[in-house]
Every structure is written in C-alpha cells, then in structure tokens.
Engineer: 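Just dropping this structure here.
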Number of protein chains: 2
Amino acid sequence: MTYQMALAALSDPTRRQVFERVLAAPQPVGLIAAGLPVSRPAVSQHLRVLKEAGLVDERRRGTRRLYVANPQALGELRAAIEAMWREALAGMAARIDEEMER
Amino acid sequence: MTYQMALAALSDPTRRQVFERVLAAPQPVGLIAAGLPVSRPAVSQHLRVLKEAGLVDERRRGTRRLYVANPQALGELRAAIEAMWREALAGMAARIDEEMER
DNA sequence: GACTAACGTTAGTTATGACTTACCAAATGG
DNA sequence: CCATTTGGTAAGTCATAACTAACGTTAGTC
C-alpha cells in the first residue's frame, strides 16, 4: 500500500537525486541544494514528498534539520518490486514450457 | 540506467494497473481496457510507455497484439532498489554504532 | 474486394506537479 | 534583544502528461 507512494516519490529525477544524497549521508537541506541545480525551496518540497512517502526522516539539530533515509519504506518497495519480478519470471517459464510441448 | 524509465513508467497508478494485468497473464489491449475505467487508446498509450521502458514486449497474433511482461527490466529495477535499500540499512547501522560509542 | 474486428496515432483539452520568488518562523551568537 | 543562519510555506508560472474523441491501419472473413 505504501510502496506506491515510494514509487511515485522516486519517479522524479531531481527528487531521486535528493534522496540519493540523503542516502549517502544525512544532510541538512542547504547542503543538498548546494549540489543540485535547483533552489533550496525546491529541495524542501522534494524532501516533504519523500517524508510523506516514508523514505526519509527528519532530525532537528538546533536550527538545522538533518534528513535521514528510512530503510523500512525502501524495504517495502523492494519487496513489491521483487514480487512483480518473480511473477514475470514465472510467467516466462510457463510460456517456455508451453513452447516445449509442441 | 534503464531502471529510471521503469521507475517512471510504474509511477502512474493507471499504468501500474495495466502492467499488473499483463503480469498476471499476456493479454490483448481490448481485454485490459475492458477491466479498467479508461478508454482503450489510453491503455494503448500506457502500453507504449511500458514498452519503451522495456517492461513489456509485444507479440502480434493476427489482428491482435499480446502484451507480455519482460522480467529483465524488472530485474534491473529490483537490483537498483535493493542497492538503495542496502545502503540505507548500512547507514542506519553505522548511526547505531556511533550511538553506542557514547 | 467490401466488411469487420482489433489496435495504434493524432489533436486537443485539462489537470497535475516541479520550480522560483517572496515571505515567515525558529534557534543561535554577539 | 537584535541580527544572522537555516529552513519551511505560499502564490504564481509553466511544462508535462494523462485522457478522450476522431481518424487511419492492418489482418482476417464473407
């Protein structure tokens, strides 16, 4: 159920870059924005989407806010994709078997 | 590299439904559209996007076209998501270790 | 060789969402 | 306290993309 939000969140290229930076190391917003070709508010908005999808958590550190990747939502997405993958493999195997019969 | 297109392709809810139907069994366009609240051309367009992302293959069967899920693109997406997942887990473990030191 | 079935394509509309600029809030340092 | 740093929020703009309706296309069928 939640994996759909994670999928949608990671579908945007810029937002995926934001997430990958957070993944590499917990960072404040300003630092993330400094390495990207978009403004800081844009990064803030992306982080909100990532947070709503459960992919990211927020830690207030004084006036800064560290964003940290959350493995759980990513794990659910992983499981969903893997289930689809297995289903595709099974379907392919079944089709090959049908082919063999002839 | 291709996993980004797969990610974008699966981010749309309707398109994900289309893909899951194809995943369950190879089907012609009309049959897919019959079970969804959108028109047949819309399904055709979704299938084109899925095809460009490598998630789906096309088999012409006379006047019909069977769409079949392709495990490969799904496998690449799976690998990419799994890599991110592991990275998130590693980061979390490292943070817990730091916590222990204090 | 028309007719039909099944489908892709095009054009046009509309809604969504990514982005920037300007503004506001909270915490820290002098 | 006042200024600075850091960052979220609001409003507005613009591009993208999802959808429908109409049309074109190909392969079987009588």
Side-chain angles (χ1 to χ4, degrees), chain A residues 2-70 73, chain B residues 2-70 73:
Chain A
T2 310
Y3 89 97
Q4 301 185 1
M5 293 185 64
L7 250 180
L10 291 178
S11 69
D12 181 73
T14 303
R15 191 157 51 227
R16 194 168 42 240
Q17 285 188 319
V18 170
F19 180 66
E20 281 172 359
R21 305 229 165 194
V22 172
L23 206 54
Q27 295 177 49
V29 180
L31 189 60
I32 300 174
L36 293 178
V38 295
S39 68
R40 185 189 48 75
V43 173
S44 265
Q45 290 164 6
H46 283 308
L47 284 169
R48 174 167 54 177
V49 174
L50 290 170
K51 202 168 104 182
E52 285 171 356
L55 288 168
V56 146
D57 289 331
E58 187 185 323
R59 298 196 177 177
R60 313 215 173 185
R61 211 76 149 198
T63 167
R64 302 195 179 166
R65 311 193 181 186
L66 284 184
Y67 284 90
V68 185
N70 182 350
Chain B
T2 311
Y3 89 97
Q4 302 185 0
M5 293 186 64
L7 207 54
L10 292 178
S11 68
D12 181 74
T14 303
R15 192 156 48 226
R16 193 168 45 240
Q17 285 188 319
V18 170
F19 180 66
E20 280 172 358
R21 304 228 165 197
V22 173
L23 206 54
Q27 295 176 49
V29 180
L31 189 59
I32 300 174
L36 294 178
V38 295
S39 69
R40 185 189 49 73
V43 173
S44 265
Q45 290 164 6
H46 283 307
L47 284 169
R48 176 169 51 178
V49 174
L50 290 170
K51 201 169 104 180
E52 285 171 357
L55 288 168
V56 146
D57 289 329
E58 186 184 324
R59 299 196 177 179
R60 314 214 171 184
R61 211 75 151 195
T63 166
R64 301 195 181 166
R65 311 195 180 185
L66 284 183
Y67 284 91
V68 185
N70 183 350

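Letters A, B, ... are given to chains in the order of the sequence lines, protein chains preceding strands, and every chain is numbered from 1.
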Engineer: Side chains of Leu47(B) and Arg65(B): closer than 4.5 Å at any heavy-atom pair?
Structural biologist: no
Engineer: Tell me whether the OP1 or OP2 atom of dC19(D) has a side-chain N or O from Ser39(B) closer than 4.0 Å.
Structural biologist: no
Engineer: Let's see if you can work this out: which of dA18(C), dG8(C), dG8(D) has an atom nearest to the side-chain heavy atoms of Arg40(A)?
Structural biologist: dG8(D)
Engineer: What integer distance in Å separates Gln45(A):CD from dG12(D):P?
Structural biologist: 15 Å
Engineer: Going by heavy atoms in the side chains, are Val18(B) and Val56(B) under 4.5 Å from each other?
Structural biologist: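 No, every pair of side-chain atoms sits at 4.5 Å or beyond.
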Engineer: Measure from the side-chain heavy atoms of Arg64(B) and tell me the nearest of dT20(C), dC7(C), dA18(D).
Structural biologist: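 Of the candidates, dC7(C) comes closest.
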Engineer: Give the rounded distance in Å between these two atoms: CG of Leu10(A) and P of dA18(C).
Structural biologist: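 Result: 12 Å.
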Engineer: Roughly, in whole Å, what's the span from CE in Met5(A) to C1' in dG17(C)?
Structural biologist: 14 Å
Engineer: Which whole-number value in Å describes the distance from Arg59(B) CZ to dA6(C) C1'?
Structural biologist: 19 Å
Engineer: Quick one: Leu47(B) CG to dC7(C) C1', roughly how many Å, whole number?
Structural biologist: 11 Å
Engineer: For Arg21(A), does its backbone N or O pair with a side-chain atom of Gln27(A) as donor and acceptor, under 3.5 Å?
Structural biologist: yes
Engineer: Nearest whole angstrom, please: distance from the C1' of dG7(D) to the CG of Leu31(A).
Structural biologist: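 Nearest whole value for this atom pair: 14 Å.
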Engineer: To the side chain of Thr14(B), which of dC19(D), dT9(D), dA18(C) is closest?
Structural biologist: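 The closest nucleotide is dC19(D).
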Engineer: I want to check one thing: is the phosphate of dA18(D), taken as OP1 and OP2, less than 4.0 Å away from some side-chain N or O of Arg15(B)?
Structural biologist: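 Yes.
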Engineer: Does His46(B) put a side-chain nitrogen or oxygen below 4.0 Å from OP1 or OP2 of dC19(D)?
Structural biologist: yes
Engineer: Base, sugar-phosphate alone, or nothing: which one does Arg60(B) contact when heavy atoms must sit under 4.0 Å apart?
Structural biologist: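 The residue Arg60(B) makes no contact with any strand.
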Engineer: Starting from the 5' end of DNA chain D, give me the residue, Val49(B) or Thr63(B), whose nearest nucleotide shows up first.
Structural biologist: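 Its nucleotide being nearer the 5' end, the pick is Val49(B).
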Engineer: Looking at every strand, decide which applies to Arg48(B) at a 4.0 Å heavy-atom threshold: base, sugar-phosphate, or nothing.
Structural biologist: sugar-phosphate
Engineer: Can you check whether Tyr67(A) has a side-chain N or O nearer than 4.0 Å to OP1 or OP2 of dG8(D)?
Structural biologist: yes
Engineer: Please examine the side chains of Leu7(A) and Arg16(B), heavy atoms only from C-beta on, and report whether any two atoms are closer than 4.5 Å.
Structural biologist: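 Yes; the side chains approach each other to less than 4.5 Å.
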Engineer: Send over the distance from Asp12(A) CG to dT16(C) C1', rounded to a whole Å.
Structural biologist: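 To the nearest whole Å, that distance equals 13 Å.
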Engineer: Does Arg15(A) use its side chain to pair, donor to acceptor, with the backbone of Val49(A) at less than 3.5 Å?
Structural biologist: no
Engineer: If I take atom CD in residue Glu58(A) and atom P in nucleotide dA27(C), what distance separates them, rounded to the nearest angstrom?
Structural biologist: 13 Å
